[in-house]
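First up is the structure itself, then whatever we jot down about it.
For the single chain, residues carry numbers from 1 onward in sequence order.
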Amino acid sequence: MSAGLVQTYRAFAHNNAWANHRLLSACAALSQVEFEAHRTGFFPSLQRTLNHIHVIDLFYIDALEGGWLGPAAWKNEVPYPSLAALKPAQAALDKRLIAICDTLTPARLDDIVKINRDTQVQTERRDRLLMHLFQHQIHHRGQAHAMLSETAVTPPQLDEFFAEGEAPLRAAEFAALGWTEATVWKS
């Protein structure tokens with residue numbers, strides 16, 4: 001039986017949080033100097049790239065919740081200079097995004113979200129905005145993954161999407177996140 005479109009968005013939100021958890025946990029093995037080191041990418045360090053993911057998540061999650069934060073979200077481009085501070089802040093945003101997706105219904109996917117762009121108000125359908133947000137995260141996590149491969153730390157596998165037969169392989173990470181397979185695939 002099909003999981004349905006709403007469940008697909010819920011699964012994407014959980015997969016996003018899991019990928020962030022895996023990537024940030026791997027980065028925890030870096031020194032602060034390595035975290036800040038110049039590397040090739042849109043945002044030329046792991047610190048800047050991972051903070052960029054955070055501030056853009058904040059921007060869109062706030063809008064999805066009906067907030068009006070707008071571009072103030074990235075007023076400070078590196079709000080969390082250390083990984084120790086960034087990891088729990090990102091986890092909190094990931095939980096907010098999961099909560100948004102847990103309240104979705106087919107009708108709510110069609111809702112219009114207003115996004116404060118300071119000089120204008122952008123409007124987007126909720127489903128399209130969520131797809132945009134997930135794509136943004138995937139894009140920049142891929143860059144961070146490549147940057148991490150330039151270090152002695154082995155980058156975590158991020159190209160999975162909860163294959164049923166691989167559930168035992170992720171059980172410990174799910175437990176660390178407070179999840180089970182049923183949490184992700186609830187109906």
side-chain contact (heavy atoms from CB on, under 4.5 Å) between Leu97 and Phe134, worked out: CA-CA 10 Å; Leu97 183 56; Phe134 292 134; 3.7 Å; yes
Indicate, with yes or no, if [Y] and [X] share a hydrophobic cluster defined by side-chain heavy-atom contacts under 4.5 Å among Ile, Leu, Val, Met, Phe, Trp and Tyr.
X	Y	value
Leu129	Val121	no
Phe43	Leu50	no
Ile53	Leu58	no
Phe35	Val55	no
Ile98	Phe161	yes

side-chain contact (heavy atoms from CB on, under 4.5 Å) assessment of Arg10 paired with Leu104: CA-CA 8 Å; Arg10 288 181 187 140; Leu104 291 175; 5.5 Å; no
More than 12 heavy atoms from other groups under 6.0 Å of CD on Glu164: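 Counting neighbours around CD of Glu164, 12 or fewer heavy atoms of other residues, nucleotides or ligands fall under 6.0 Å, so no.
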Neighbour count above 12 (heavy atom, 6.0 Å) for Arg117 CZ: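 It does: Arg117 CZ has more than 12 such atoms within range.
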Asp127 bridged to Arg108 by N-O distance under 4.0 Å: no
Residues Glu124, Lys114: salt bridge by 4.0 Å N-O rule: no
Rounded distance [0.5 Å steps], [atom1] in [X] versus [atom2] in [Y]:
X	Y	atom1	atom2	answer
Glu34	Leu148	CD	CG	9.5 Å
Ile115	Phe59	CD1	CZ	6.0 Å
Met147	Leu30	CE	CG	12.0 Å
Ile138	His145	CD1	NE2	13.0 Å
Glu36	Ser45	CD	OG	7.5 Å
Thr105	Asp110	OG1	CG	8.5 Å

Parallel, tilted or perpendicular, as decided by the 30° and 60° cut-offs, for the rings of Phe174 and Phe162: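 Judged by the thresholds at 30° and 60°, the geometry between Phe162 and Phe174 is perpendicular.
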Aromatic centroids of His52 and Phe42 separated by under 6.0 Å: no
Within the structure provided, determine whether [X] and [Y] are in side-chain contact (heavy-atom separation under 4.5 Å).
X	Y	answer
Lys186	Asp102	yes
Ile61	Leu133	yes
Trp179	Glu173	no
Gln47	Gln32	yes
Val153	Cys27	no
Leu5	Pro106	no
Asn15	Glu160	no
Gln137	Asp57	yes

Residues Thr123, Val113; criterion side-chain contact (heavy atoms from CB on, under 4.5 Å); working and verdict: CA-CA 6 Å; Thr123 58; Val113 177; over 6 Å; no
Chi angles and distances behind the side-chain contact (heavy atoms from CB on, under 4.5 Å) call for Asn20, Leu93: CA-CA 11 Å; Asn20 284 335; Leu93 279 179; over 6 Å; no
Look at the side chain of [X] and the backbone N and O of [Y], then say whether any donor-acceptor pair between them is shorter than 3.5 Å.
X	Y	result
Thr49	Leu46	no
His21	Ala91	no
Asn16	Phe12	no
Arg126	Leu64	yes
Asn116	Gly67	no

Trace of the side-chain hydrogen bond (donor to acceptor under 3.5 Å, both in side chains) decision for His136 with Tyr60: CA-CA 11 Å; His136 179 268; Tyr60 284 119; over 6 Å; no
Distance-only donor-acceptor pairs under 3.5 Å for side chains of residues 68-77, two or more places apart:
from  : atom 1 : to    : atom 2 : distance (Å)
Asn76 : OD1    : Val78 : N      : 3.0
Glu77 : OE1    : Arg48 : NH2    : 2.9

Exercise: do His132 and Gln135 side chains pair donor with acceptor under 3.5 Å: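 No, no side-chain donor-acceptor contact under 3.5 Å.
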Any donor-acceptor N or O pair under 3.5 Å, side chains Asp94, Gln90: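 Side chains of Asp94 and Gln90: pair found under 3.5 Å.
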Check against side-chain hydrogen bond (donor to acceptor under 3.5 Å, both in side chains), Gln120 and Gln122: CA-CA 6 Å; Gln120 67 175 355; Gln122 177 183 349; 5.6 Å; no
side-chain hydrogen bond (donor to acceptor under 3.5 Å, both in side chains) evaluation trace for Trp185 with Gln7: CA-CA 7 Å; Trp185 298 107; Gln7 176 54 48; over 6 Å; no
Could you pull out all donor-acceptor pairs under 3.5 Å where a side-chain atom in residues 80-89 meets a protein atom, sequence neighbours excluded?
from  : atom 1 : to    : atom 2 : distance (Å)
Ser82 : OG     : Ala85 : N      : 3.2
Lys87 : NZ     : Ser25 : OG     : 2.8

Heavy-atom closest pair, residues Ala26 and Pro156: CB-CD, 3.7 Å
